[in-house]
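Below is one structure, written out as structure tokens, with a few remarks after it.
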Amino acid sequence: MLDIRFIRENAEAVQQNARHKGYEVNIDELLRWDGVKRNLQQQSDELREKRNLVSSQMKGGRPTPELIEEGKAIKESLTAVEANLKEADEAFTTLFKRVPNMAADDVPIGLTEDENVLAKTVGDTTTFDFAPRNHAEIAAQRDWIDKERAAKVAGSRFAYIKGDLVKLQFGIIQFVLDTVTDEATLRAIAEKAGLDEVSIKPFTPILPPLMIRTELYDAMDRLEPRDDRYKLEDDDLWLQGSAEHVLGSMHADEIFEESQLPLRYIGYATSFRREAGTYGKDMEGILRMHQFDKLEMESFTTGEDGLKEHLLFVAIQEHLLATLGLPYQVIQKCTADIGKPNARGIDMETWLPGQDKYRETHTADYMTDYQSRRLKTRVRRESGELELVHTNDATAFALGRIMIAIIENGQDEQGNVAIPVALQPYLGGRSVL
RNA sequence: GGAGAGGUGGCCGAGUGGUUGAAGGCGCACGCUUGGAAAGCGUGUGUGCCAGCAAUGGUACCGUGAGUUCGAAUCUCAUCCUCUCCGCCA
């Protein structure tokens with residue numbers, strides 16, 4: 001959520017921002033309900049004050065009939081006022097929750113993802129002296145992916161990952177954990193990105209729960225679109241769609257000491273997506289699955305460190321891709337594409353020779369205090385002041401998609417796959433799969 | 001899944017209908033004391049919302065939600081969580 005006081009003072013800008021992001025919200029109506037609600041709240045507070053006064057006169061066990069009558073009258077008025085207050089509050093809250101976070105100043109304005117801006121391209125697209133195949137074809141030859149049996153067992157968009165591909169996945173996981181838990185590496189990444197001021201505090205690896213309650217999912221503002229989420233029928237639980245969902249909500253209702261920040265996690269989790277509305281899209285191989293494993297960064301910082309943290313996350317993403325020698329593009333997402341709770345969003349697209357295209361493999365999201373306001377995740381500053389923390393999340397690697405990139409960029413004509421040098425120590429020194 | 005116990009402030013812990021935001025202790029902050037420290041003494045020490053420049057005032061919050069009552073941390077119901085025993089289980 002935004003700060004209602006901010007909305008009161010910047011109604012026009014908030015309305016404009018919602019328009020730019022493609023969300024239909026009527027700020028005037030929101031503020032009208034805000035006024036009604038405050039008025040009723042005031043009335044309710046005054047009635048309660050009276051009630052407390054009357055009640056205190058009866059303490060000591062001498063309630064007179066007059067006082068009881070007065071109390072009853074107050075109770076009646078209060079019941080009426082509070083019924084109206086509840087109604088106003090519900091109307092207000094419904095509108096309030098729809099207001100998207102303010103986009104940062106440098107986010108390009110655009111109404112569709114076509115208006116995203118290519119920020120930079122790193123590395124040349126891989127060239128071959130033969131016609132490169134896509135990962136599905138290579139995987140079929142090498143018996144790395146079995147989707148037919150997965151379909152029998154679980155349906156479409158599931159797969160059995162097999163053999164060396166499994167070893168590759170575990171190798172990548174180790175490589176990432178080693179990278180982001182090492183201070184020297186983080187310092188080098190920060191320096192290269194020109195982020196002198198940023199903390200180099202290492203990430204703490206986390207294996208989170210994969211299910212999340214409705215209340216917290218909604219507070220994270222990642223429950224929608226519900227069509228894309230798996231709901232457990234007999235419980236108030238959803239399968240998480242990204243480790244960010246269960247990492248960001250982890251510290252709801254908590255107050256950090258300033259010295260604890262930044263708090264950085266690298267989570268490893270299987271993510272679940274229904275992929276509603278994507279029938280027939282990306283059906284080959286494992287590009288778009290109902291279930292995929294992902295390494296995700298999440299952090300909590302003070303307000304003034306939030307943007308630097310976001311930029312560090314992007315720098316880490318670039319470092320990981322560059323270290324594997326994969327060609328990629330950095331996309332600055334426009335207002336329509338960054339998402340409701342986001343202030344800023346960056347995508348990274350990796351070159352996939354099998355598709356002859358760059359495809360999205362990473363996202364970095366900066367939410368400012370939009371999520372933490374509902375989650376009530378705060379920090380006590382050294383001054384003693386309480387402030388909302390800023391949250392950031394970003395993909396380290398989506399394992400399925402990054403393995404596609406490794407296979408397709410590293411293939412030879414026979415179907416062998418070169419293992420990036422940085423990963424070789426994690427695969428017993430092998431250079432080829 | 002069955003039986004039972006419990007959820008109170010940063011922590012421990014009292015409180016079963018009426019000046020209770022909540023005793024007491026610990027911790028923490030500031031001050032006094034001391035050559036310095038400890039001990040001791042004193043004062044202070046939650047969060048949200050509304051009003052106010054502020055001081056401050058009002059209100060709400062004792063897991064969560066609903067209810068009973070003139071009045072609820074205290075009574076009723078539902079629900080979540082924790083713990084113990086039994087059962088089941090990787």
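What you see is a predicted model, and the numbers here were worked out from it, not measured in a lab. In what follows, chains carry the letters A, B, and so on, assigned in the order in which the sequence lines appear, proteins first and then strands, with residues in each chain numbered from 1.
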Close residues, residues 83-100 of chain A, relative to RNA chain B [heavy-atom separation under 4.0 Å]: none

A:K162 charged N/C atom sitting above A:W144 aromatic ring, 6.0 Å / 45°: no

Per-nucleotide protein contact string for nucleotides 48-63 of chain B, where B marks a base within reach and S marks sugar-phosphate only (heavy atoms under 4.0 Å, - for neither): SSSS------BSS---

Integer angstrom distance from the C1' of B:G57 to that of B:A72: 25 Å

d(CZ, A:R380; C1', B:C28) in whole Å: 11 Å

Integer angstrom distance from the P of B:A78 to that of B:G25: 39 Å

Inter-nucleotide P distance (B:A73, B:A66), Å rounded: 15 Å

P gap between B:U74 and B:U64, integer Å: 11 Å

Which residues share a salt bridge (Lys or Arg N to Asp or Glu O under 4.0 Å) with A:E296, sequence neighbours left out: A:K294

Near-strand residues of residues 71-78 of chain A, defined as heavy-atom separation under 4.0 angstrom from RNA chain B: A:G71, A:K72, A:K75

Residues that A:H245 engages under ring-ring contact (aromatic ring centres under 6.0 Å, His included), provided they are two or more places apart: A:Y217

B:U76 and B:C81, which share atom name P, separated by this distance in whole Å: 22 Å

Which atom pairs, donor and acceptor, lie under 3.5 Å between side-chain atoms of residues 83-94 of chain A and protein residues at least two apart or in another chain?
unit_1	atom_1	unit_2	atom_2	d
A:T93	OG1	A:D89	O	2.7
A:T94	OG1	A:E90	O	2.7

B:C81 OP1/OP2 closer than 4.0 Å to side-chain N/O of A:R213: yes

Exam field: side chain A:R344 to backbone A:V107, donor-acceptor pair closer than 3.5 Å: no

Salt bridge present between A:D228 and A:R222 (N-O < 4.0 angstrom): no

Toward the 5' end of RNA chain B, by each residue's nearest nucleotide, A:G384 or A:E70: A:G384

Euclidean distance for C1', B:U8 against B:G63 (whole angstrom): 10 Å

ring-ring contact (aromatic ring centres under 6.0 Å, His included): pairs with one or both residues in residues 246-274 of chain A, sequence neighbours excluded: A:H251-A:F256, A:H251-A:Y265, A:H251-A:F300, A:F256-A:F300

A:K50 side-chain N/O to A:D45 backbone N/O, donor-acceptor pair under 3.5 Å: no

Separation of atom CD1 in A:I255 from atom C1' in B:G10, rounded to whole Å: 10 Å

Distance, P atom - from B:A29 to B:A22, rounded to whole angstrom: 24 Å

P gap between B:A90 and B:G13, integer Å: 37 Å

Side chain to side chain donor-acceptor pair (under 3.5 Å) contacts touching residues 69-81 of chain A (sequence neighbours left out): none

With sequence neighbours excluded, residues passing side-chain hydrogen bond (donor to acceptor under 3.5 Å, both in side chains) with A:Q371: A:T391

Watson-Crick and G-U pairing of RNA chain B, under 3.5 Å, as dot-bracket with | and [ ]: ((((((((.[[[..)..(.....]]]((((((.......))))))((((((....)))))).[[[[[..)....]]]]])))))))....

side-chain hydrogen bond (donor to acceptor under 3.5 Å, both in side chains) against A:S249, all qualifying residues, sequence neighbours excluded: none

Non-neighbouring partners of A:E387 that pass side chain to side chain contact (heavy atoms under 4.5 Å, CB included), sequence neighbours left out: A:V379, A:R381

Interatomic distance where CG belongs to A:L237 and P belongs to B:C80 [whole Å]: 11 Å

Under 3.5 Å donor-acceptor, A:R359 side chain and A:L352 backbone: no

Distance, nearest 0.5 Å, that separates CD1 of A:I7 from CD of A:Q15: 10.5 Å

